[in-house]
Colleague: 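Let me begin by handing over the structure; questions about it come next.
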Amino acid sequence: MTHSPPASGAVIVAPTPTVDQLRELVAKACRILYQQGLSDYLGHPSARIPGTDLVVIKPKHSPRVRGMDTMRPEHMVIIDLEGNLVEGEEIPPTERFIHTEIYRARPDVASVVHTHQPQATLAGVIELPILPVLHVAAPLLEQPVPLWPVAELVVDSRLGAELATALGQASLCHLQGHGIVSVAGSVEEATLGAIHLEQLAEVCVKAAQTGRSPRVIPTDQIANLRKRLASPAGRWAYYAELAGAL
Ligand SMILES: [Zn+2]
């Protein structure tokens, strides 16, 4: 499995995951996103199956498929890059084209997380820049978060491709009036990217309410943080444990 540059700290070095391991990781990401307040029953993480054009993804919510807190590996479905269901008993999410078109445009991306997380979405709505103001999360924002000013449901490949173009080579993108995407070389890093973005957005929104400008961490300090932060594996384990009771 190839890994893109990490959101922060060192890359999670892991052997190429199996499909079963990806089902487990994507389901765990669902529960973490729920536990962190980033998702309720909407939103979906996914993972590319290495060496294929197939994607493991959380299914569409329904009376049978409820909150993200209930997701387990056996609920996950597999789709191709056309968005067709390849394996699984549930329906793929309506907005599966967010994932398929980003995977098509970005061979370096192994995982896509889409949420409607409240603080980052709010920042996108009011076009308030989310700045690198907290040390662990700061390396995520060496580049400003691009904005895709479309609040429509991403129901086809044309809209998905537009979003992928707006994302460009970034690891995050606002879907204005809708939510965000976080992409990375692993499920763990894409999920942590969403968590850290929300932490930064919350501080930036609160700072804006005080009327004072927050201190932005200088780029040389961010460069040092990137070199010295512990591997994201520990942070993933922490959030997974928090979500463990779900
Ligand atoms: Zn959405």
Side-chain angles (χ1 to χ4, degrees), residues 26-48 55-71 75-79 81-85 88 90-106 109 111-128 130 145-168 170-184 187 190-198 201-202 205:
V26 174
K28 195 174 281 184
C30 289
R31 301 196 301 277
I32 290 172
L33 293 168
Y34 181 91
Q35 196 277 334
Q36 287 293 302
L38 273 56
S39 189
D40 41 27
Y41 62 94
L42 294 169
H44 18 80
S46 72
R48 192 201 304 263
V55 174
V56 175
I57 191 165
K58 179 220 170 250
K60 179 182 173 68
H61 67 89
S62 72
R64 287 189 338 144
V65 178
R66 293 186 292 278
M68 296 278 267
D69 54 320
T70 66
M71 290 297 98
H75 298 126
M76 301 303 110
V77 298
I78 296 176
I79 59 173
L81 292 189
E82 306 300 322
N84 300 311
L85 181 67
E90 306 298 344
I91 303 168
T94 307
E95 294 195 301
R96 56 194 178 277
F97 301 98
I98 291 173
H99 302 255
T100 55
E101 293 305 313
I102 289 174
Y103 289 124
R104 209 189 284 279
R106 291 277 302 272
V109 168
S111 179
V112 176
V113 169
H114 167 55
T115 73
H116 301 172
Q117 56 193 66
Q119 298 299 322
T121 303
L122 169 60
V125 167
I126 60 177
E127 298 189 27
L128 178 75
I130 302 177
V145 180
L147 185 88
W148 186 50
V150 177
E152 295 175 43
L153 283 168
V154 184
V155 294
D156 58 35
S157 56
R158 179 186 63 82
L159 285 163
E162 265 187 39
L163 166 58
T165 300
L167 172 69
S171 62
L172 297 158
C173 188
H174 286 296
L175 286 60
Q176 197 168 28
H178 178 175
I180 64 104
V181 293
S182 169
V183 308
V187 175
T191 305
L192 288 169
I195 292 170
H196 290 323
L197 181 70
E198 191 71 353
E202 182 176 6
V205 167

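As the structure lists them, so they are numbered: ligands from 1, and atoms in each ligand from 1. The basis for the numbers below is simple: all heavy atoms, side chains too, and nothing from hydrogens, waters or symmetry mates. Quick caveat, the model's predicted, so the values are computed rather than measured.
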Colleague: Mind checking whether the Zn ion (ligand 1) has an N, O or S of His178 under 2.8 Å?
Modeller: yes

Colleague: Check Glu95 and report its N/O/S atom nearest to the Zn ion (ligand 1), by atom name.
Modeller: OE1

Colleague: Classify the angle between the aromatic ring planes of His99 and Tyr103 as parallel (below 30°), tilted (30 to 60°) or perpendicular (above 60°).
Modeller: tilted

Colleague: For Ile91, I'd like to know if atom CD1 has over 12 heavy atoms of other residues, nucleotides or ligands within 6.0 Å.
Modeller: no

Colleague: Can you name the closest pair of heavy atoms from Leu153 and Glu95 and give their distance?
Modeller: CA-OE2, 3.3 Å

Colleague: For Arg48 and Val109, work out which heavy atoms get closest and say how close.
Modeller: NH2-O, 2.9 Å

Colleague: Do you know which N/O/S atom name in His114 is closest to the Zn ion (ligand 1)?
Modeller: NE2

